[in-house]
Amino acid sequence: MSNTHRIRTLALGTGLVSGALALYSHWAGRRAEAMVPADGRFIEVEGARLHYLDVGQGPAIVLVHGLGGQLRNFSYLLDRLTPHHRVILVDRPRSGYSTAEGSEPGIVDQSAIIARLIEKLALEKPLLVGHSLGGAVSLALALDHPHLVRGLALIAPLTQPLPKVPPMFRGLQARFKASRTFTAQVLGVPLGQLSSPMVARQIFAPEPVPADFGTRGGGLLALRPDNINAASFELSSANDEVARLARRYGELKLPVAMLFGREDHVLDHHLNGVVTAEHIATATLDLVDGGHMLPITQPERTAAFIRAAA
């Protein structure tokens, strides 16, 4: 067999394997959607089509989820908030069932889209709640659109550039768009399915992963090609954007409450909590025993924190 023939055979085999994995990834994504269907409504705003859930009555609270998440991440809190508040849960652009138009929206672009949602729903200065990367989106919105919100309640928020990517997210690292797309469409789903139990344990540590997190918490939707692609982009672009935000924290005048777990294995509570609180005159910081996924593992404590901030 000539070298040329070997190369052609190898290329054909690689193409067939890649095609088969892409088809499997598409099938797995549709299966995840069947198990975790869209719960809410859809609304068109400039730059995005957003999936959101609007329940309860009273002063409004808008909740923004973190990296790879979806609005069901907050489902464990709903019954504790809706008796006295109108609660809006939203899939961030390109997460869950929300889509975005044009280029990939980073933290600041997403904050502008959430601001348009607040305006379109005619919400009167809601409390903005952000978890993890959703905390960075919330801070960006408060800095650029302070007239739209009455305060922030940030749960284990990303607030500072990270010295290194957290170990559980290193599989999402991809510098170039083409490599992100290939990984998401071909390799991300099968590899993610193999590693997801271990990754989930790392994200929730030291607390256990609830048995119903995949469905009630929306965890299954993270293993879809488009969601993997979006999370990979957000991971690659977050540090530069957060660094620019951090230089502006002194501008914040509205109340900023933060809740962090002392044993958070994803984000360092000292860097992202203590250090940030020192740069925001209106900030308060509550430290509790626990990890990164407090809205799920400690819903009563987290709901009490949100109600106090509201």
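The basis for the numbers below is simple: all heavy atoms, side chains too, and nothing from hydrogens, waters or symmetry mates. It should be emphasised that the depicted structure is a prediction, and the values quoted were computed from it without experimental measurement.
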query = Under 3.5 Å, is there a donor-acceptor pair between the side chain of S111 and the main chain of S138?
reply = no

query = What heavy-atom pair brings S132 and L267 nearest, and what distance separates the two atoms?
reply = OG-CD1, 4.1 Å

query = Side-chain heavy atoms under 4.5 angstrom apart, residues restricted to Ile, Leu, Val, Met, Phe, Trp, Tyr: same cluster for L50 and L89?
reply = no

inquiry  = Show the nearest heavy-atom pair for residues R94 and A100, with the distance to one decimal.
reply    = CG-CB, 3.7 Å

query = Which pair of non-hydrogen atoms, one from L148 and one from A115, has the smallest distance, and what is that distance?
reply = CD1-CB, 3.6 Å

task = May I ask you to check whether over 12 heavy atoms, not counting those of D79, lie within 6.0 Å of atom CG?
result = no

task = Using the side chain to side chain contact (heavy atoms under 4.5 Å, CB included) rule, take L287 and L259 through it: C-alpha gap first, then chi angles, then the decisive distance, then the call.
result = CA-CA 6 Å; L287 295 177; L259 177 69; over 6 Å; no

request  = Please test F204 against M168 for side chain to side chain contact (heavy atoms under 4.5 Å, CB included), starting from the C-alpha separation and ending with a verdict.
outcome  = CA-CA 11 Å; F204 276 81; M168 64 288 295; over 6 Å; no

request  = Decide yes or no for L127 and P59: does some side-chain heavy atom of the first lie under 4.5 Å from some side-chain heavy atom of the second?
outcome  = no

Least distance between heavy atoms, Q70 atom then G218 atom = OE1-CA, 3.7 Å

inquiry  = Is a donor from one side chain sitting under 3.5 angstrom from an acceptor on the other, for N73 and H65?
reply    = no

side-chain hydrogen bond (donor to acceptor under 3.5 Å, both in side chains) partners for R86, two or more places apart = D54

key: Heavy-atom side-chain proximity of L63 to L71 below 4.5 angstrom   = no

key: Contact summary for T82 and V55, nearest pair of heavy atoms   = CG2-CG2, 3.7 Å

key: Carboxylate-amine/guanidinium proximity below 4.0 Å for E234 and R92   = yes

ask   = Do I114 and V45 have side-chain heavy atoms sitting under 4.5 Å apart?
value = no

key: I280 side chain reached by T276 side chain, heavy atoms, under 4.5 Å   = yes

ask   = side-chain contact (heavy atoms from CB on, under 4.5 Å) with I118: which of V90, I88, L123?
value = L123

message = According to salt bridge (Lys or Arg N to Asp or Glu O under 4.0 Å), does anything in residues 121-150 pair up with another residue at least two apart or in another chain? List the pairs.
response = D144-R248

inquiry  = I need the L77 CG to F305 CZ distance, nearest 0.5 Å.
reply    = 11.0 Å

request  = Enter the distance from L221:CG to D91:CG here, rounded to the nearest 0.5 Å.
outcome  = 8.0 Å

query = Any sub-3.5 Å donor-acceptor pair from R201's side-chain atoms to V209's backbone N or O?
reply = no

Hydrophobic cluster membership, I155 vs V275, 4.5 Å side-chain cutoff = no

I43 side chain near R49 side chain, heavy-atom distance below 4.5 Å = no

key: Which atom of P37 lies closest to which atom of Y97, heavy atoms considered   = CA-OH, 3.5 Å

task = To the nearest 0.5 angstrom, please state how far the CG atom of D264 sits from the CG atom of L294.
result = 7.5 Å

ask   = Nearest 0.5 Å, what's the CG-CG distance between N272 and L154?
value = 11.0 Å

query = Looking at CG of D226 and OG of S95, how far apart are the two atoms once the value is rounded to the nearest 0.5 Å?
reply = 10.5 Å

message = Tell me whether K120 contacts the main-chain N or O of E44 through its side chain, where contact means a donor paired with an acceptor under 3.5 Å.
response = yes

task = Applying side-chain contact (heavy atoms from CB on, under 4.5 Å) between L245 and each of L158, I107, D240, report the one that passes.
result = I107

I306 vs L81, side chain to side chain contact (heavy atoms under 4.5 Å, CB included): CA-CA, chis, key distance, verdict = CA-CA 8 Å; I306 295 170; L81 297 177; 4.1 Å; yes

query = More than 12 foreign heavy atoms under 6.0 Å from NE2 of H279: is that the case here?
reply = no

task = Spell out, yes or no, whether L235 and V64 are grouped together once hydrophobic residues are joined by side-chain heavy atoms under 4.5 Å, including indirect joins.
result = yes

request  = List the steps, then state whether ring-ring contact (aromatic ring centres under 6.0 Å, His included) holds for Y52 with F42.
outcome  = CA-CA 6 Å; Y52 74 103; F42 291 87; 8.5 Å; no

message = Between F260 and L133, is there shared hydrophobic-cluster membership here, with clusters defined by ILVMFWY side-chain heavy atoms closer than 4.5 Å?
response = yes

message = I want to check something: taking the side chain as every heavy atom from C-beta on, are M258 and T284 in contact at a cut-off of under 4.5 Å?
response = no

message = How about CD on Q57, more than 12 heavy atoms from neighbouring residues, nucleotides or ligands closer than 6.0 Å, or not?
response = no

message = Could you see if I296 belongs to whatever hydrophobic cluster contains V199? Use Ile, Leu, Val, Met, Phe, Trp, Tyr and a side-chain cutoff under 4.5 Å.
response = yes

ask   = Quick one: NE2 on H131 to CZ on F74, what's the gap to the nearest 0.5 Å?
value = 7.0 Å

remark   = For residues 295-304, the side-chain hydrogen bond (donor to acceptor under 3.5 Å, both in side chains) pairs (sequence neighbours left out) are R80-E300, E207-T297, E207-Q298, E300-R307

Validation row: L162, P166 side chains within 4.5 angstrom (heavy atoms) = yes

inquiry  = Using the rule given for side chain to side chain contact (heavy atoms under 4.5 Å, CB included), can you reason through F213 versus L220, listing the C-alpha separation, both sets of side-chain angles and the distance that settles it, and then say yes or no?
reply    = CA-CA 8 Å; F213 173 65; L220 287 173; over 6 Å; no

